Trainee: 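Dropping a structure here in C-alpha cells format, bear with me for questions.
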Amino acid sequence: MRCLCSPLLLKSKTAGRLVLQTARLMVGVPDYDAYVEHLRRVHPGEPVMTQAEFFRERQDRRYGVGPGSAMRCC
Amino acid sequence: MGSLSLSSRPAVAWLGWLFVAVLGSFALATIALHRGETINALWLVVASVCVYLIAYRFYGLFIAERVLALDPLRRTPAQRRNDGLDYVPTNKYVLFGHHFAAIAGAGPLVGPVLAAQMGYLPGTLWLLAGVVFAGAVQDFIVLFISTRRDGRSLGDMVKSEMGIIPGTIAMVGVLMIMVILLAVLALVVVKALAHSPWGTFTVFATLPIAVFMGVYGRYIRPHRIGEMSVIGFVLLMMAIVGGESVAHSATFGPMFTFTGETLALMLIGYGFVASVLPVWLLLAPRDYLSTFLKIGTIAGLALGIMIVMPELKMPAVSRFVDGTGPVFAGALFPFLFITIACGAVSGFHSLICSGTTPKMLENETQARLIGYGSMVVESMVAIMALIAACVIEPGVYFAMNSSPALIGTTAERASEVIGTWGFVVTPDMLKQIATDVGESTILSRAGGAPTLAVGMAHILSNVIGGASMMAFWYHFAILFEALFILTTVDAGTRVARFMIQDLLGSYVPAMKNTESWAANLTATGIAVTAWGYFLYQGVVDPLGGVNTLWPLFGISNQMLAAIALTLCTVVLFKMKRERYAWVTIAPCVWLLVCTLTAGWQKLFHENPAIGFLAHAKKFSTAVANGEVLAPAKNIEQMQTIVFNDYVNSGVTLFFIVVVLAMVFYGVVAIRRALASFSSTAQEDGDAMPLQPAAS
C-alpha cells in the first residue's frame with residue numbers, strides 16, 4: 001500500500017507545483033523560491049527582495065520598458 | 001531528445017507511428033472526399049492531431065538534429081546569466097505554458113472564421129500545411145537563434161546579422177504592423193459591441209472589476225494572483241448574468257447601447273488613458289483575468305468539441321473561392337493565405353520567440369517542444385475556431401458576416417439575398433438565433449468575434465445548460481474575446497509608444513526619456529492617433545471595415561514572417577549550414593509570393609472591392625460628376641473615402657517596399673556569408689555588453 005501511494009502522492013504534489021508555477025509564469029511572475037535559492041547560492045549576503053517586492057518588480061518589468069518587457073500577440 | 005533514426009527503437013514505436021500515419025491519412029481522405037450534407041467535426045480534429053504529431057516527431061526532430069544541430073551540452077542564456085528574474089532556467093512544461101499563453105491571441109480565432117466563407121477545406125489544408133512547414137519552423141528557428149544570442153530581440157538580431165539599415169527598416173516595419181494590428185483588433189471589439197447593450201455592459205464592467213483586483217493585489221493581499229483572479233472571475237460571471245437584465249431594462253438598456261462610431265471614439269480615449277495609468281491598477285489584473293480565461297476557454301472549447309462531436313454544415317468548398325465572397329473580397333490565391341495568418345504562420349510570433357522565452361530555456365534542445373510544439377497547439381486552436389464557424393448554418397454565417405450594403409438591414413431582405421447565393425435561411429431562423437443569443441439582431445455582425453461566439457455558444461450550450469444557456473455562452477464568448485483584445489490594445493499601445501520613443505529618440509534626444517511625462521504623452525498620443533485613425537476609418541467603412549483592414553493586417557503579419565524567415569536563412573548560411581537552408585527558404589518564398597501578389601492586387605486590382613486605387617477612382621470620378629455613391633451621404637464623405645483609399649494604398653506600398661528591402665539585404669548578407677570559409681554567425685551575444693539593448 002505504502003509503496004504504491006507515496007510516489008503517487010509525491011508525483012501529484014510535484015505536478016501541482018508545476019501547474020501553479022505555469023499559471024504564475026503565464027502572467028510573467030517566475031518562481032520566487034528559485035530566485036531566493038539562486039541569490040543564496042550565487043550572491044550570498046546580497047539583499048533578497050521579499051515576495052511582495054519581488055512581485056512588484058516583476059509586474060513593472062513585464063509591462064515596462066526594455067527587452068524584458070513582454071510582447072504579446074495578435 | 002530522441003534520435004532521428006527509429007531503428008534502435010523497439011518495433012512497437014514504429015507500429016505506433018504507422019498507426020498514426022494511417023489514421024491521419026484516412027481522416028484526411030474522409031474530409032477531402034466526403035460528399036454529403038454535413039460531416040462530423042471529429043474527422044477534422046483527428047486529421048489535424050495526426051498531422052501535428054507526425055510533423056512534430058519527424059520534421060521537428062529533423063530540424064533540431066540535422067538543420068540546427070542543437071547542442072544539449074551548450075549553456076543557454078538562462079544558465080550563463082541566471083539572475084532569478086529575467087534569466088531563469090525553467091522547467092520545459094512550465095515554459096511551454098508561458099510561451100503558449102504569449103503567442104495565443106485573437107488572431108487564430110478571427111482569421112479562420114473569416115476564411116470559412118470559402119468552405120472548411122481550404123482553410124484546414126492551409127492551417128495544416130502552413131503550420132508544419134512555415135509557422136512552427138519560424139517560431140522554432142527564431143527561438144533557437146535568439147537563444148544563441150542571449151535572448152536578443154528580432155530587430156537587434158537583424159541589426160547585428162544583416163546590418164544597421166535593415167535593422168532600422170525592420171523596426172519601422174514592426175511599428176507599422178503594430179498600428180494596423182491594434183486597429184483591426186479594436187475594430188473586432190467595436191463590431192461585436194455595437195448596438196449590443198448586454199455585451200457592452202459586461203465589457204464595461206471589466207474595468208471596475210480589474211481596478212478592484214488591482215487594488216486588492218497591491219494593498220489588501222499583495223501578490224495573491226490566484227485569489228484576485230478567482231474573485232475577478234466570479235465578478236465577471238455575475239456581470240454576464242446581470243447584463244441580461246441591464247439589456248432589457250428601459251432605463252439602463254439605452255444607456256449601454258452605442259453606435260460603432262461612439263464605441264470607436266470611446267475605445268481610442270480608453271487606449272490613451274489606460275496606457276498611461278500605472279500597470280498594477282488596470283493592465284496587470286486584467287491581463288491575469290484574460291490570460292486564465294483564454295487558456296480555460298480554449299481547453300473548454302476543445303472538450304466541448306470532443307463531447308458534442310458537432311456536424312459541420314458549411315460545404316467543403318464554397319462558390320466563393322472565385323473571389324466574389326461577401327466576407328472578404330479576393331480569390332483563394334492569394335487571399336486565403338493572408339486571411340488565415342496566425343494559426344498557420346504569424347510573423348508576430350518572431351517577436352515573442354525573441355522576447356522572454358529564450359531567456360528561460362533550460363536546455364537548447366527544448367527549443368523544439370517550446371518553439372515548434374507551442375505553434376502546433378496554436379494551429380489546433382485555429383482549427384477549433386474554424387469548426388465553431390462551420391457548425392452554424394451557412395445561411396446564418398453569411399447573414400452575420402455580410403455588410404448591410406449587400407444584404408440590407410431586415411431579416412426578410414437578408415434571407416432573400418443569401419438565398420440567391422445558394423444558402424437557404426428563413427427570416428424566422430435569423431430572428432430566432434438573435435433571440436436565442438439575447439441580441440436584437442445578428443445581421444452584419446462582421447469581425448469574426450460574434451460568429452465565433454454563436455458557434456461556441458452552440459457547442460458549449462450542448463454540454464452545459466442547453467438552449468436556455470445559449471445567450472449566456474454567447475456573451476461569455478464575446479467577453480472572453482473582448483477582454484484579451486482590450487489587454488492587447490492597452491499593452492500594445494505601450495509597446496508602440498516605447499518604439500516611437502526609441503525611433504524618435506535618435507533625432508530628438510528628449511523623446512527617449514521615458515521618465516518625462518511630456519515625452520510619454522506625446523509618444524502615446526502618436527501611437528493612439530495612428531491606430532485610432534485606421535479604427536475609425538474601419539468603423540465608418542461601408543463594406544464593414546474588416547473587409548479592408550483584415551487583409552492589410554494579414555499582409556503585414558505574413559510579411560513580418562517573411563522577414564523573420566529571411567533572417568533565419570541568413571543565419572543558416574552564416575553558420576555554414578546552407579545545405580539545409582531550404583527549410584526556411586521554401587516557406588519564405590511562399591510567403592513572399594502570397595503577400596506580394598496580395599499587396600499588388602490590393603493596390604492595382606481593377607475590381608473596386610479589391611483594389612484600393614480602383615475604389616478611389618470610382619469615387620473620385622463620381623465626385624467629379626457631382627454624384628454621391630452609397631453609402632456616402634454627401635460629397636465630403638465621398639472625399640474622405642477617396643482619401644482613405646490613398647492612405648491604405650500608401651500603407652500597402654510601404655509594406656511591399658519594406659519586405660523587398662529586407663529580402664535585398666538578406667541576399668547581400670547571404671552572398672557575404674558564402675564568400676567566407678568559416679562560420680560568420682555572431683553567436684552567444686559575444687559582441688554584446690550585459691546591459692539591456694535598445695528596443
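Numbered from 1 within each chain, the chains take letters A, B, ... in sequence-line order. Remember, it's a predicted structure, so these values are computed and weren't measured experimentally.
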Trainee: Identify which part of F292(B) has an atom lying under 4.5 Å from any heavy atom of chain A, answering side chain, backbone, both or neither.
Mentor: side chain

Trainee: Does W550(B) reach the main-chain N or O of T339(B) with its side chain, forming a donor-acceptor pair under 3.5 Å?
Mentor: yes

Trainee: When you measure from the side chain of D139(B) to the backbone of H349(B), do you find a donor-acceptor pair of N or O atoms at a distance under 3.5 Å?
Mentor: no

Trainee: Determine the option with the most heavy-atom pairs under 4.5 angstrom with chain A, choosing from V279(B), N82(B), L95(B), V88(B).
Mentor: N82(B)

Trainee: L109(B) versus chain A, heavy atoms under 4.5 Å apart: side chain, backbone, both or neither?
Mentor: neither

Trainee: Report which part of E57(A) has an atom under 4.5 Å of a heavy atom belonging to chain B: side chain, backbone, both, or neither.
Mentor: side chain

Trainee: Report the distance from atom OG of S146(B) to atom CE of M157(B), rounding to the nearest 0.5 Å.
Mentor: 4.5 Å

Trainee: Just so I know, are the side chains of P30(A) and F54(A) near enough to count as touching, which here means a heavy-atom distance under 4.5 Å?
Mentor: yes

Trainee: Under 4.5 Å heavy-atom distance to chain A, tell me which part of I225(B) shows up: side chain, backbone, both or neither.
Mentor: side chain

Trainee: So which of R218(B), R494(B), H99(B) has the largest heavy-atom pair count under 4.5 angstrom toward chain A?
Mentor: R218(B)

Trainee: Go through the atoms of V42(A) and report whether side chain, backbone, both or neither lie under 4.5 Å from a heavy atom of chain B.
Mentor: neither

Trainee: Looking only at atom types and distance, does a side-chain atom of K294(B) sit under 3.5 Å from a main-chain N or O of A104(B), one as donor and one as acceptor?
Mentor: yes

Trainee: Is the closest basic N to carboxylate O distance between D83(B) and K359(B) below 4.0 Å?
Mentor: no

Trainee: Considering only heavy atoms from C-beta outward, does the side chain of Y35(A) approach that of V48(A) to under 4.5 Å?
Mentor: yes

Trainee: Quick one: what part of T90(B) sits under 4.5 Å from any heavy atom of chain A, side chain, backbone, both or neither?
Mentor: side chain

Trainee: I need the residue from P278(B), G226(B), S229(B), G84(B) with the largest number of non-hydrogen atom pairs under 4.5 Å to chain A.
Mentor: G84(B)

